[in-house]
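This chain uses plain numbering: 1 for the first residue, then up along the sequence. In this text, all values refer to a predicted model and were calculated from it rather than measured experimentally. The analysis underlying the following values was restricted to heavy atoms, covering all of them including side chains, and did not include hydrogens, waters or symmetry mates.
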Amino acid sequence: KQWYQRRVAITAGIRDVSENDSPIYTLLALTPCKRLWSWLGKQIGSGTKDFGVYTTWVERNFNPHSTGYLEYLDHVEWAYQAGVVTAEKALEVFTASIQGTRLSTDRSEL
């Protein structure tokens, strides 16, 4: 139950960012999960074990060699250089995503 509640909180936080902020911040909010899935793949042996009917799904989603998260970070870096993203807000979004929390409801400061 605790895992489920944490997942709901993470999803709600990402949804909040996607509904209220520039799309580039949504990519930033998704980055920790994208990075986590490749790490999990390494831990469970994706690509080296048979997971029965889930083998194809595991290999696609938990590729331990995936660097897809770097593409997300490249887009965020580009947006930062273009003045679309601020370092303060980026840090807040990234931190909230890692912690599974939502951004403050007072968005006037952001």
> Looking at side-chain heavy atoms only, is the closest gap between L28 and Y72 below 4.5 Å?
Replying inline: no
> Could you give the distance from CG (N20) to OG1 (T26), rounded to the nearest 0.5 Å?
Replying inline: 9.5 Å
>> Is there a continuous path of hydrophobic side-chain contacts, each under 4.5 Å between heavy atoms, that joins L73 to W78?
In response: no
> Who pairs with R60 by side-chain contact (heavy atoms from CB on, under 4.5 Å), at least two apart in sequence or on another chain?
Replying inline: T56
> Got a sec, which residues hit side-chain hydrogen bond (donor to acceptor under 3.5 Å, both in side chains) with Y69, two or more places apart in sequence or on another chain?
Replying inline: R35
> Which pair of heavy atoms, one from P64 and one from G41, lies closest together, and at what distance?
Replying inline: CB-C, 4.0 Å
> Nearest heavy-atom pair of C33 and I10: which atoms, and what distance?
Replying inline: SG-CG2, 4.3 Å
> Checking S18 side chain against R15 main chain: does a donor-acceptor pair fall under 3.5 Å?
Replying inline: yes
>> If you define the side chain from C-beta out and look only at heavy atoms, does anything of V85 sit under 4.5 Å from S22?
In response: no
> With a cutoff of under 4.5 Å between side-chain heavy atoms, which Ile, Leu, Val, Met, Phe, Trp and Tyr residues group with I44?
Replying inline: L36, W37, W39, L40, F51, V53, Y54, W57, V58, F62
>> Hydrophobic cluster membership, with links at side-chain heavy-atom distances under 4.5 Å among I/L/V/M/F/W/Y: are I98 and L91 in one?
In response: no
> For T55, what residues pass the side-chain hydrogen bond (donor to acceptor under 3.5 Å, both in side chains) criterion, not counting sequence neighbours?
Replying inline: D50
>> Tell me the closest heavy-atom pair linking S38 and N63, and the distance in Å.
In response: CB-O, 3.3 Å
> With sequence neighbours left out, what residues match V8 under side-chain contact (heavy atoms from CB on, under 4.5 Å)?
Replying inline: Y4
> What residues, two or more places apart in sequence or in another chain, satisfy side-chain hydrogen bond (donor to acceptor under 3.5 Å, both in side chains) together with Q81?
Replying inline: E77
> Mind checking what makes side-chain contact (heavy atoms from CB on, under 4.5 Å) contact with T67, not counting sequence neighbours?
Replying inline: L70
>> According to side-chain contact (heavy atoms from CB on, under 4.5 Å), who are the partners of A87, at least two apart in sequence or on a separate chain?
In response: Y80
